[in-house]
Every structure is written in structure tokens, then in C-alpha cells.
Amino acid sequence: MTTLFDPDHTPARQVPSAVPIILDGAAPRDRESPLLEGLNPQQREAVLYRGPALLIIAGAGSGKTSVLTRRIASLLESREAWPSQILAITFTNKAAAEMRERVRAILGQGADGMWISTFHSSCVRILRREAESAGLSATFSIYDSADTKVTLKRIIKALDADTLGFTPGNASAKISKLKNELADADSYARNANMSDPQEVMFVEIFRQYTHRLRAANALDFDDLIGETVYLFRAFPKVAALYRRRFRHILVDEYQDTNHAQYSLVRELTRPVEPDLAEEMEATGVHVRNLRDASGGIPGASLTVVGDSDQSIYAFRGADTRNISEFERDFPGTRVILLEQNYRSTQNILSAANAVIGHNFDRTDKKLWSAGGDGEKIVGYTAYSGHDEAQFVSDEIEVLHRAGMAYRDMAVFYRTNAQTRALEEILVRSAVPYRVVGGTKFYERAEIKDALAYLIAVANPNDELALRRILNTPKRGIGPATETALASFAEANQISFRQSMRDCASLGLGPKVTGAILKLATLLDEAALKLDPENPAGTANVSELLTFLLDGSGLLSLLRGSRDPQDEARAENIEELVAQTKDFNKENPDSGLVDFLTQVSLVAAADDLDDASGTVSLMTLHTAKGLEYEAVFLTGVEEGLLPHQMSANEPGGPAEERRLFYVGITRARQRLYLSLAMTRAQFGDINVAMPSRYLQEIPVDLIDWKQSPGMANSRGGTQPRALNARRDGFGGGFAGRGDPQALPPAPKKKTEWASRVPSQVRDNGDLTLMQGDRIRHVDFGDGRVNQVTGDGTKRIAHVQFDTAGAKKLLIKIAPIEKL
DNA sequence: TCGTAGACTATGGTA
DNA sequence: TAGTCTACGA
């Protein structure tokens, strides 16, 4: 570990701090700083370059995290910057934690005081500090998407807007999109076509939504960014404080920034005007050594790292133009390309390059590795989702027996719904696994209930939280009473909370009135435990939570319940209590609001625990930024990858291709691509076709295995693809039987058309009856016991002579009637 | 007001 | 299929 204070160390610090060092490429240096050890020339330059703006185009696995952390370390070590002058922004808390950890590993204590956090947490921090200017109370609530939807649902119901086709889902999507463009209800209304009743209604929904959030002293996720930008624009003095403070701003995953985030970066890197600097100096803000010849403070130096090929968040407003136009936006930008990959084998990279090469309108970039070809990619066409899961599970065991740790393996999928089959099989095969993301702890109903109690204490104006706990646990307060309280509050211009306190004047029944008053008193008493000097609360969070749980009976009622699920719910709440205790221990100076903030901002990728010895299951989106020795990319089918819904979106299929690319490039040594010919969905079974992207991978990179599940051992030497056609195309299940059922020749002749089934088998109107004997390609002969379903969904329940009982989709199963 | 049965709808990804 | 919502009766 290098220390900041060792005088005989680090040549870089001999450079006077005020003079930027500008080095070109692989400038030879007399003495090597340990910071540069093992870096290639481009990486070195990325660490050492000094200037107003630096754009690092970092291909997958090119060591960008290492470069970023060393760059930060180099700035600190050379004393060019104090830790407090550095703002590093990542997209997930996990990435932030990792970066902080790595800088700390290099610099030790010298790293304390930096802001390394996500866009959202940085903004919350700023907004809580400047709440007054922003017109908020510092204890504002943060609404997650579920909260947003509940709020919108009430608005839509009140406005009868569902008749115009509005749902909480589509309204929140539209509002979110607008907020990402920094539009608000008024600016939208100015450009809206007000002769369209739907538009008029939307404007009204948007207005009311904005109004309700204001009244509740709450911000949604998109507001966190947008409000910070508004704050900076409306209050130049506030902005100047942060512009002065952050001299070096570094942004990771820049390709996924949306317009609001771009604007935030823009605002933060603007120079401070001379008169403002003067004013700051006069009021005792230390600015002298920051001012330039004009008397102002020059804009912060900006470093962004990104890869447009990994942009997978266009659906939430990410705009790769932020990267492609970066040089125009920030004149004097230095661009550095990192193309050498230190993660994957060349085979994996060649596949990745081939796939992404099909996206037009991109800067060509070829990843390469010095690490050798490695194993071939393994392809597998399964009969069903379960069959696919079985393959994954079996291969995991093979790898494990060969010495690979479970934690070095991951299974990716496009949609969360795909986890079901995988989990079923993994449980059955006793493979230790964990689902990253999925139903998150903090999204569980009982946890949201418990948190709503805390939120109601922290932010008494939060009507949403109050209404959530009003009748949880059951205390006989029904929807009628809830509405009465709400309209009473509305009519008297008081808060919902106050109307609860005043409910005696509502003329409700004595039982109900008593229940409401009891809850109101409980919350008021809890609020007294907060430090009145510091409403953000240094009160002990776990004590507060325990008090609320005891007072409301939430936990004890769950414990006493006969419903077995309630036991799990009680355990979850106890887990939450344990978390508050940990929080108190780790953050003795933080209070209730800090806890709630942390809880609101945890993301799917954050609860990854690499140390646990389990296989990780996650969506392709969650996988970004991670890497594993072995990767199973499942469900590589049309309709899934690319996803059905992307078809109608401009740029949809290209974005899905990038998603596939991201998945491929997570693998270090082994990559498995699998697909199923049928997939269960909505309780139905649907026929699936291989993904178009599979054909983009050169055929000699993939070793297609036979479809298993089947009878004997896997790994038979005769892949299905071979007993089909010999022309190298249309393998899999096509091609058995009637030659007319063969797939058409490939439409597009690429030099590496993959041997991928492009069309599934179709048995047409083959009718089977109970008692029929059939022959299956893999299972052999068997007897039909039962036929269920109808039309194309008919399923034969077959007892095979040697393979046991199976269910087959008659339309496409490789069977013939005997 | 609560509990239940039946109807209905959803599963693209997320801070 | 499974989870959520609605209507109805108690």
C-alpha cells in the first residue's frame, strides 16, 4: 500500500500541483509509480492525462475500473487534488463501493472524504443539504416506482382517466420519460396538443401527480436528478458552492446517462463567474488558490468512461449521443481507446465482436486478447425451458467437479420470469444458487409496511406512507374511512396526519375513531424520540422501529398468525430490525433519514455477495459490469432475446444485440449459449425460434451439443444438427421426416452461417389418441396415456418403454406414430 | 368492515 | 400459472 505521506515515494507528486501534467501515450518515465504497474500504454495515458475533459472509450473487460481508481489515486497522491475535491459517479452502489474499496487499498485513509456514489445518492445528498432552496423539507421521502404507481392509480381513478386508456403503468412511464428530459407538467402542456382529450387528461394527471408529491414532501427517482439540476439553475450561488468544491468529476458508464444526468454533469462542470467567486471570497469561502486570471474559478476537470456498445438503458432515457457528442460538448477533449481485453478468451471475444459488428452506426472497435483462444463456446438447443435448466444444472456440476467454484459461475436470462424453471431444477439438483435482483427485500409488502411506519415518522406529510399503514395491521379502518379522512384533510387544507388527529369531529364510530387516534398517538410519540434539534434524526433507528412494531402489533400479529407465509414475513421484519442495528453500529452519526435514504437507493446489483459460494442467477441487465469464469446465457430465442416488445421500438433490436453482447463479454473462460424450443408462459406453452443473433456468431466458434434431457447420458456424439441436414444449416428439430418440412435456405448468406435451427419442426395435424404407440427420436418407443389441450397446444402424456413418463407438445415433438 | 370466490391480467430490463 | 383486483355476502 502506498501512503500519501511517504516523502521518498511517488515521482508524480514532484510535479507542482498547479501545473497540469500532460503526457502523450507511453511517455517513458524515469521512475515508475506503482500506480502504473502492469498498465498498457493507453491505460497509462488514461491515468496520467490532465486536462479539462477526458473521454475513455473502454471496451468490455479492458480494465476501466482499474484505470479509474488509479486515476483517482494518482490525483490524490500527487496532491493535485484533495479527496473532498473529487466526485466519482457510478450507476450502482456496488460499483461505488468497489471503487471506494480499491482507492482505499491504494491510498488508505488518504481516500476519506471523496464522494464516490451513484447519481441518485449524490443528488439526495445535495438536495437534503439544500432542501430549503429547493422548497423541500430535509426529510423528504423518496418514492420508488411502486409508490409512484399507487399515487398515479389514485389520481387516475379520481379523474376517471382509465376510460381514456390510462393505467398507472403507462402514465408513470410517460412521466418518467418526460422527467428524464427535464420537462415538467407546465412545459409539457405548452407544447401539447390541447384539442386532444387524451393529451388534456395526461397533462392533468401529470399536474396532480406533481402536486401530490409536493404536498407529501416527496420526490420520485427521476426528480432526484431533475430537481438537483433545477436547483443549480435557479440558485447560481448554491451551484457555485458545488462547482468550487468538485474540481475533478469522474463518471462511469457514461453511455447510460440520460439527458437529466448529462445536464447535471454539465452544471457541475461549469466555471464560476468572477463576480460570484469574488462574493464567495468575501463571505469567507476559501477560493483564492482556485481562481484563474479572470478572477473566476475554471470548470472542473471531467473524466467519463463509457462504451456505446454496452448501452442497454435506452428504455429509461439513456442517450448514447452523450458519448458520441462528448467532444463537441466539451471542447479540448482527449479521447483514449482501450481495446485490449484482459478478461475473456479470444473465442469469446471473437463471438462478441461478430455479434456487435452487426450494429451499424457505431465506431468500430475490436476487442482482442493476448490470452489465447480458449475453449469453444458451447451451444445447446433444449426441448423446453426445463430441459434447458437441466442442461445448465448438469454443466454447472461438471464444471464444479472439475474444480470451478460455484461463485465463479453465473446464469443470465432476459426476463425475470425465466428464473422459475431454473430455480426448480437447481433446487432439485442441490446446486447452491442465489437470484440477484428479482423480488427485492425492500419491495416485500411486509418490509414496505414496516418502513412506511418509519417514513411516516420521518416525514409526517407523506400521505402515501400513512395510508399504507392506516389499516396495517388490521384495525378496522376500511376504505370508506380512509376516503373520509382524505376528503376531510382536503376540505380543511390540513395534512392527512392532522386529519387523523382531528378525526373525532368526523362523526365516525367510536371503535374506528379510537383506532385512528391510537395510531396517530403512536406516530406522534415516536416522533418525540427524534432529536428536535436535528429532525433528520440521530435517533437510534432500531429502537424507533422496535417501538413502532411493538406499538402497532405488526410483528406480533404476524408471529401469531396461522398462515405459514406469515412466519416468513415475520422473519423478514426481524431481518429488517437486524439491519437497522447494523446500520446504527456502522453509522453512529447517521439517523433515521439516512437509513431510509440508503434503503430507497439500493439496487438489484447491490446485494451481490461475491464471497458466498453460490451460483449467481440474474438478468442480462443486472449482469453489466460483472464477470464470471463461466457464463450460461439462456433463452437465446426470438421473442425473448430480442424481446418481443423491443420489436416496435426504434433501435430496439440493436439495443437487444448490445444486451447479448454485454452477456457474452461477462465470461472469462467458458461461455454456454442455450435456447429452448418451447417455453411456458402464462401457463401456456409457446413455440420458440432461435434468436437471430445466434447466426451472427461464426460457426466454428460454437460447439453445438445434442439436445438432452433425454433418455440416456448427455454428450452423445451425434448432435441433432447433424442428423438433420448436411448443408450446414437448419439443424435441431427441423428436418426429420417430411423433406418439405425442411427450413428454407438461409435468406442472408453470411460467410459464417451458424448451424442453428431456423425453424421448428411441425407435425401439422398429427392426431394421437390414448393407447397409440409412438416413436420419439431420443426417448424411443412409448405408449400414449392421455392427450390434453387442444389445437396447437395439444400435449401427449407418454409412457416410454425405457425413458419413463414424459409430456410432449404434439405439434413439434420429434415423434412419429407407429 | 372483512373474507372469500371468481374474474382478470400479466411477465422487458432499473436507480 | 399465479398474483391482484372486484363484487358480493356475512
Side-chain angles (χ1 to χ4, degrees), chain A residues 89-96 117-124 142-146 148-150 153 157 162 167-169 172-173 176 179-180 219-226 253 256-258 260-261 311-318 385 412-421 424 436-440 442-443 445 470-471 474-482 508-509 511-512 515 563 565 597-606 618-624 635 639-649 652 655-656 658-660 662-663 679-686:
Chain A
I89 299 177
T90 61
F91 267 78
T92 63
N93 293 304
K94 179 173 183 282
S117 61
T118 62
F119 269 108
H120 293 84
S121 1
S122 310
C123 288
V124 171
I142 300 169
Y143 278 12
D144 65 15
S145 24
T148 295
K149 290 213 174 83
V150 171
K153 193 176 168 190
K157 197 167 178 193
D162 53 337
T167 63
S172 79
S176 170
K179 285 187 175 180
N180 285 332
L219 297 177
D220 65 24
F221 280 138
D222 303 312
D223 287 333
L224 294 178
I225 316 285
E253 308 280 13
D256 285 329
T257 50
N258 58 35
Q261 289 160 335
S311 166
I312 54 174
Y313 284 111
F315 73 90
R316 64 176 199 218
F412 301 160
Y413 35 83
R414 178 65 235 271
T415 69
N416 278 311
Q418 288 167 254
T419 51
R420 194 169 300 167
E424 243 170 68
V436 182
T439 320
K440 284 159 248 164
Y442 294 110
E443 283 173 11
L470 197 60
N471 198 30
K474 300 258 184 297
R475 38 173 87 87
I477 307 172
T481 313
E482 186 181 329
L508 297 160
K511 243 180 166 172
V512 177
D563 186 341
Q565 292 200 340
T597 303
Q598 187 191 298
V599 166
S600 308
L601 298 176
V602 290
D606 295 334
M618 68 189 84
T619 64
L620 283 165
H621 282 88
T622 307
K624 193 171 69 158
L640 216 47
L641 189 73
H643 195 272
Q644 202 78 52
M645 293 198 172
S646 71
N648 314 319
E649 291 168 12
E655 173 147 322
E656 299 280 311
R658 290 194 292 271
L659 197 52
F660 187 44
V662 165
R679 209 167 270 283
Q681 198 188 13
F682 304 144
D684 253 8
I685 294 173
N686 292 321

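In the text below, chain A, chain B and the rest are named by the order of the sequence lines, each starting its count at 1. Values below: every heavy atom of this structure, side chains too, minus hydrogens, waters and symmetry copies.
Nucleic acid contact class of A/K153 (heavy atoms, under 4.0 Å, all strands): sugar-phosphate only. Contact annotation for A/Q644: no contact, since no heavy-atom pair falls under 4.0 Å across all strands. Residue contacts for A/T481: at a heavy-atom cut-off of 4.0 Å it reaches the sugar-phosphate backbone alone, with no base atom in range. Across all strands, A/Y313 comes closer than 4.0 Å only to sugar-phosphate atoms, never to a base (heavy-atom distances). Counting non-hydrogen atoms under 4.0 angstrom, A/A680 reaches nothing in the nucleic acid.
In this structure a side-chain-to-backbone donor-acceptor pair under 3.5 Å is present from A/Y413 to A/M618. A distance-only check finds no donor-acceptor pair linking the side chain of A/E655 to the backbone of A/G652 [under 3.5 Å]. In terms of modelled atom types and a separation under 3.5 Å, the side chain of A/E482 and the main chain of A/I477 share no donor-acceptor contact.
OP1 and OP2 of B/dA15 both lie 4.0 Å or more from every side-chain N or O belonging to A/S121. The phosphate of B/dC2 has OP1 or OP2 within less than 4.0 Å of a side-chain N or O from A/N471. Phosphate contact (OP1/OP2 of B/dG12, side-chain N/O of A/H643, threshold under 4.0 Å): present.
Rounded to a whole Å, the CD1 atom of A/I312 is 11 Å from the P atom of B/dA15. Straight-line distance from the CG atom of A/L640 to the P atom of B/dG13: 10 Å, rounded to whole Å. If you take CZ of A/F315 and C1' of B/dG12, they are 7 Å apart, rounded to a whole angstrom. In this structure, the NZ atom of A/K149 is 12 Å from the P atom of B/dT14, given to the nearest Å. Between A/Q418 atom CD and B/dG12 atom C1' the separation is 10 Å, expressed in whole Å. Nucleotide B/dA15 holds its P atom 18 Å from the NZ atom of A/K179, rounded to whole Å. Rounded to whole Å, the distance from CG on A/L620 to P on B/dT14 is 10 Å. As a whole-Å value, the separation of A/L641 CG from B/dT11 C1' is 16 Å.
Of all nucleotides listed (B/dT14, B/dT1, B/dT11), B/dT14 comes nearest to the side chain of A/N416. Comparing atom distances between the A/R414 side chain and each of B/dT11, B/dG12, B/dT14 picks out B/dG12 as nearest. For A/H120, taking side-chain heavy atoms from C-beta onward, the closest of the listed nucleotides B/dG3, B/dT14, B/dA15 is B/dA15. Distances were taken from every side-chain heavy atom of A/S145 (C-beta onward) to each of B/dT14, B/dG12, B/dA15; the shortest belongs to B/dA15. Candidate nucleotides B/dA15, B/dT14, B/dG12 were compared by shortest atom distance to the side chain of A/T118, and B/dA15 ranks first. Closest to the A/R420 side chain, of the nucleotides B/dG3, C/dA2, B/dA15, is C/dA2. Comparing C/dA2, B/dT14, B/dG12 against the side chain of A/H621 picks out B/dT14 as the nearest.
The same atom, C1', is picked in B/dG13 and in C/dT4; the two are 22 Å apart, to the nearest Å. Taking atom C1' on both nucleotides, C/dT6 is separated from B/dT11 by 22 Å, rounded to a whole Å.
For A/F315 and A/H621, the distance between ring centers is under 6.0 angstrom.
Between A/A417 and A/R475, it is A/R475 whose nearest contact on DNA chain B lies nearer the 5' terminus.
Ring orientation note: the planes of A/F91 and A/F119 are nearly perpendicular, at an angle over 60° on the 30°/60° scale.
Here the shortest heavy-atom pairing between A/R414 and A/L659 reads NE-CD2, 3.4 Å.
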